[in-house]
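The shown structure was predicted, so the numbers you read here are calculated from the model rather than taken from an experiment.
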Amino acid sequence: MHERVKTENEIKSLSAEIESLKNPQNLSSTPRLDELREENAKLKYRLNILKKSMQEERTLCSKSMLNINQRLQEVFGEAIRASCPELDNPPLAVTPNQQAKFGDYQCNSAMAMAQMLKAKGVKVNPREIAEKIIQNLPDNELIQKTEIAGPGFINIHLKRTFVSQLLSNLLVNGVVPPPLASRKKVVVDFSSPNIAKEMHVGHLRSTIIGESMCRLFEFLGYDVLRLNHVGDWGTQFGMLIAHLQDQFPDYLTVSPPIGDLQAFYKESKKRFDSEEDFKKRAYQCVVRLQSKEPDFIKAWKLICDVSRNEFQKVYDCLDVSIIERGESFYQDLMTEVVKKFEEKGFVQLDEGRKLVFVPGQSIPLTVVKSDGGYTYDTSDLAALHHRLFEEKADIIIYVTDSGQGTHFQVVFAAAQMIGWYDPQVTRVEHAGFGVVLGEDKKKFKTRSGDTVRLMDLLEEGLKRSMDKLQEKERDKVLTPDELIKAQRSVAFGCIKYADLSHNRINDYVFSFDKMLDDRGNTAAYLLYAFTRIRSIARLANIDEATLKKAAETTEVLLDHEKEWKLGKCILRFPEILQKILDDLLLHTLCDYLYELATTFTEFYDSCYCVEKDRQTGEVVKVNMWRMLLCDATATVMAKGFDILGINPVQRM
């Protein structure tokens, strides 16, 4: 530590000396000028060496994984700014190279910079700009060499020793994310079923995608609040309470045995539509509930509890944790929110309704209906206000179907108009998703045309996964307890992965056959691959303690092309997570895990990890650095599974 402070102080004093040498007033005679120039060159050289050693120390002493792409962007960003100081915001494009023979990464900024200079009336060949960028590259710890290709691409080759050192860090410290500049508060609004209605296949996507986003933010060190904005208020409760009073008159003292809330809801709706008397009483019940009369609040709570228990069964299967904060929570706040918009003069009256028009938006928000009641618009504005001002969220994400995109666009625009948040400072985003389709490419429904109950779907998944395991004769190898664990891991893992591996913006076809197929980009394939990688050390009789010691003492060699390819693939994990953080598209992680598994297979087929005697089958030699590559692959895969909410088992 003392050494680092000393180095930092030396950098400061050298920088100051260089600055003073740049000042012409300090220069007197010509011989003195030459002397000073020479001195200046020496100081610059010394300064670069010090900076490089500091950077190396920072990178290699850090316990967290380095985002190689981000580090390359820092290095190339500096070179690009030095090459063309006349350009404001020059483009910075560094990406992994698609073809290994051309290098590991590629910087494609030169062509775009040439276009920008052309627009300023300066004609420069992109290759010349690329040359200039390379000349201006600061000394760094990770680049072995660079080459210019084609019209001006810069191919980047990484140092093998650097990559090897990063892999050793990963093996010793585990998967530690890069540190955050500050711990931001994130609110994710997801799942959000309606009370008194069954969770159906439409809620599946929001629940799975939202849970995975929360896990990603949590892993990266954010403070995450998971909110379930359930539909637990509104006119439907009038008919439910009226029906409850008729069916179970003693509901206040004896807990009513409502087994099937869906049927109960349908019965009350039928009466509401056909019995005028019942309809009147239902409306009175709504008024009395909204006035918070104790008996009506109790009836409402009873109905909510029955629903809550049903929802929890789904959340337990999918390993989802979420805090319920339904529409009822925001009731009192809605009145205040309407007042705030009225005080600012944003409310217009229209046939008894109160509307808010937002410039640039195609539809207005209805904040009060003509009967004086509130709407989804009002409750969503109230919820947003609470999340911004009470929860003090820096990032708010709504995970609902894409059909609600316009609604949220207007709500967010209204909140900006009234000055609740600045989108440059606070990130408020709707992460929309497409619908679930059946194998006929139509909306996923049962044979009778009803929406598919989520619990039925999950139970079907369990049945199918057991069939698959028995077909592979795993029931003969695994204990009954291991078999049940494998069944749940495969069933729920496959349902989640099938959803997350598709771009959420698109509709996706739900097919048990496809998701349980152990070939291709499926959870079944990845779970089997992971179990196989984990078993390599076990079959070679290498325990965890031996691997841990080897991680600290054995250099990870990357001489074989497949070792090099796998090593680089493992270390791309932080850049993948950063990309998802930017665009909230989780299929990128699924694609990466599949690429990692297939890259591992290539490595395992070409490089012996364990060499055995052909006659006796005894282990003759263990190539420990390759065992470490197996371990690093499994470590990253396990963290990827964890973010996706997939629970791999020891044996499968």
Measure the spacing between CD1 of I80 and CG of N136 and express it to the nearest 0.5 Å.
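Reported value, rounded in 0.5 Å steps: 10.5 Å.
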With rounding to the nearest 0.5 angstrom, report the OH to CD distance, Y105 to Q73.
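Nearest 0.5 Å value for the OH-CD distance: 10.0 Å.
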Minimum heavy-atom separation for [X] and [Y], please, with both atom names.
X    : Y    : answer
Y421 : A415 : CE2-CB, 3.8 Å
V347 : V356 : CG2-CG2, 4.1 Å
A79  : I133 : CB-O, 3.4 Å
L318 : K496 : O-NZ, 2.6 Å
T400 : F433 : C-CE2, 3.1 Å

Does [X] come within less than 4.0 Å of [Y], counting only side-chain N to carboxylate O?
X    : Y    : value
R226 : E324 : no
K579 : D582 : no
R572 : E595 : yes
D332 : K292 : yes
D295 : K298 : no
R325 : E391 : yes
R215 : E211 : yes
R387 : E390 : no
D499 : R205 : yes
E74  : R71  : yes
D305 : K301 : no

Side-chain donor or acceptor of [X] paired with backbone N/O of [Y] under 3.5 Å:
X    : Y    : answer
T375 : D377 : yes
D507 : V436 : no
E575 : N69  : yes
S192 : N228 : no
N67  : Q70  : yes
R81  : F76  : no
T378 : V367 : yes
K184 : D223 : no

Is the terminal nitrogen or CZ of R308 (NZ for Lys, CZ for Arg) located under 6.0 angstrom from the six-membered ring centre of F311 and within 45° of that ring's axis?
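No, R308 does not sit over the ring of F311.
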Tell me if the aromatic rings of Y376 and H407 count as close, with their centers under 6.0 Å from one another.
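Aromatic pair excluded; centres sit 6.0 Å or further apart.
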Any side-chain heavy atom of [X] within less than 4.5 Å of one from [Y]?
X    : Y    : value
M65  : V176 : no
V636 : L596 : yes
V428 : Q416 : no
M417 : F357 : no
K369 : Y374 : no
V175 : F219 : yes
I208 : F190 : no

Checking E429 against Y398 for the side-chain hydrogen bond (donor to acceptor under 3.5 Å, both in side chains) test, could you report, in this order, the C-alpha distance in whole Å, the side-chain angles of both residues, the deciding distance, and whether it holds?
CA-CA 6 Å; E429 199 170 324; Y398 292 79; over 6 Å; no
Tell me whether D273 at atom CG has more than 12 heavy atoms from other residues, nucleotides or ligands lying less than 6.0 Å away.
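Yes.
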Under 6.0 Å from the OH atom of Y283, do we count more than 12 heavy atoms belonging to anything else shown?
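No, the 6.0 Å shell around OH holds no more than 12 heavy atoms from other groups.
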What verdict does the side-chain hydrogen bond (donor to acceptor under 3.5 Å, both in side chains) test give for N521 and S501, after you've listed the backbone C-alpha separation in whole Å, the side-chain angles of each residue and the deciding distance to 0.1 Å?
CA-CA 8 Å; N521 189 2; S501 60; 5.4 Å; no
